[in-house]
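Data first, discussion second: the structure below is written as structure tokens.
What you are looking at is a predicted structure, and each value in this text was computed from that prediction instead of being measured. Residue numbers begin at 1 in each chain, while the letters A, B, ... track the order of the sequences. Only this structure's heavy atoms are used, side chains among them; waters, hydrogens and symmetry mates stay out.
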Amino acid sequence: MAPLIELQDVTKYYRKYCALRNVTAAIPAGVTGLLGPNGAGKSTLIKVLLGLVKLSSGSAKVLGHSLPRERFSIRSKIGFMPEDDCYFAGLSGVESVRFLARLSGIPSCEALRRAHEILDFCDMGQERYRDVETYSTGMRQKVKFAASMVHDPVLLILDEPTAGLDPEERDRMLTRIKSLSHDAGKSILISTHILPDVQATCDHVAVMAEGQIRLLERLDLLSRPSEPAMQLRTLGGSDALLAVIQRAGYAATVDEMGMVTVRAADERFLARIWDWAREANVTLKSLTPAQNSLEQIFLACVREASRAGI
Amino acid sequence: MNDAATPTDPKQSELLRTARAVVACLRFESRRSLSIPRLATWCLLALFPVGIVTVFRYFGEMPRPEVWALMLFLLIPESMCLLGLLLWMAPHLQSELDGKTWPYLAVRPHGRLIVFLGKYLNAVVWTALAGLASLSICIYIAAPLMVDAGVMFQTLAALVVLSSMGYGALYALFGVLIPKRATLIAVGYTLTGELLIGTLPAVVSEITFQFHFRCLLRNWVDFTIGADETRLLFSEAPSWQHLAIIAGMIVGFLALGIWLIQVREYSIQDEA
């Protein structure tokens, strides 16, 4: 399958400041999380993809269309939810969404029908008839989200979609994103600082640092440790169990939360763990295959970029 | 979500979709314009030539019939329309380019073109309507003193529309060329370009809209005052030539504005 976004040596300068530095990447279809610290170049990359800023050098293709030559074709297939609190003063929620549908060339009645349909999908009730200026942050996020997809784009670019949402609303927003991907087949690029959001919704993750994409990989592959490992939680202290496991010849560590991670955990290990627990006089609370933490991966990428002094 | 005709539906022509979107933008802008402050400004604009004409008609020295044409020309297409466009063209385009909604609009398929044309048409419609309303009342007040009020109204109405379209296109260009200083540049140009250079009895005045509007006024109204003294202020060219030049300037300014808004980068939001 052809990549959704292809970047080849993309460089973007704002006067003398280099915001993107020779970025080369092929982002596949599906849901991709775009992570990076402040100033990493995420917003510039999004602006490049939307054709809002010109490339200083390099080439980019979005949905098979070249930038900037085919930017109009790209824009008709792309939806964008900005991070900023942007709304049209004096319009209600449904009017705002309808207006943006009409700007995409959709006839008036059809635009209204779609606006209602998408606001239904976003769980907006009668408040859709209220002036947007009176909305809470959560409702404004819903209107922005609805407006980004009212013209039925193939690719959605969401900039901090859960920013400012309470936990319940955040869960609902993530469910909508997953539903759009799995049920409607949309590809989605999510720029966010919230790592659990990426873990909850994304198939792929791209980590940006110092104007470069430092990592682009499937999330399930990233989460898998390089060698088989198991994680144990115990009731009570885990030091005694750790000592027993290490005596048996396994490399094991314990973190500050008392979780024991055992490297190279094979079938023989699984067969003997119960005996070791009895020997250490602890009760096992959980035993699960170990996963790399996205936070650790993210921090490692950022530190590596920083050390490389790009 | 997928069953309806999408914007990428090949059955719909690109031009039709864009035209529909421009109309939507015009309607949105018009609706946004229907605020009490905006309507009050509109009324004030429309009424200030009426006030001056009323003073001349009832309280001042009675002007000669042919002077009415020049006075109404200077008051409405050359003052009121300019003021209206200074208020409604460049600053509105500027505020959109600086505003947070710009990325929303700019990422739609022809969003930049649509916003540019929608705002231009809105400014032209509001200004032209104010001009026509003002002109109608002024002609009604001064009709008994005019030689042919009907011809006068038709001529000045055409000039109001041309003035709104012409200066609107120019100010729209300023709006995208120097968004941060658009109003200042527009005021500066109006004072130096249209009011100073435009009234010079020299060839250079032919680059201004005012020169061509003035010539059209002379061609369309029986304009006989001071023919010898004002010879250098007019050209002998037929009306169609002036109309062609005005149309060329309007199309040229709009085309340049559209090209600029498509290719230029405008500040959008801070780097996250």
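- Taken to the nearest 0.5 Å, the CZ atom of B:F28 stands 4.5 Å off from the CG atom of A:L91.
- Here the CZ-CG distance, from B:R108 to A:L50, works out to 11.0 Å after rounding to the nearest 0.5 Å.
- The contact between A:A147 and chain B is made by backbone and side chain atoms together, counting heavy-atom distances below 4.5 Å.
- More than 12 heavy atoms of other residues, nucleotides or ligands lie within 6.0 Å of CZ in A:R140, so this atom counts as buried by the packing criterion.
- We find the CZ-OG distance between B:R20 and A:S104 to be 11.5 Å, quoted to the nearest 0.5 Å.
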Would A:I157 and B:V107 satisfy side chain to side chain contact (heavy atoms under 4.5 Å, CB included), going step by step from the backbone distance to the final call?
CA-CA 11 Å; A:I157 298 180; B:V107 298; over 6 Å; no
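- For chain B, the nearby part of A:R71 is the side chain; its heavy atoms alone come within less than 4.5 Å.
- Atom CG of B:L34 sits in a crowded spot, with more than 12 heavy atoms from other residues, nucleotides or ligands closer than 6.0 Å.
- With a threshold of 4.5 angstrom between heavy atoms, A:F72 approaches chain B through its backbone and through its side chain.
- Of the listed residues A:M81, A:R98, A:K12, the one with more heavy-atom pairs under 4.5 angstrom with chain B than any other is A:K12.
- A 6.0 Å sphere centred on CZ of B:R181 holds no more than 12 heavy atoms belonging to other residues, nucleotides or ligands.
- Of the possible donor and acceptor atoms, none in the side chain of A:R102 sits under 3.5 Å from a partner among the backbone N and O of B:A21.
- Taking chain B as the reference chain and counting heavy-atom pairs below 4.5 Å, the highest number among A:R75, A:K144, A:E95, A:K54 is found for A:R75.
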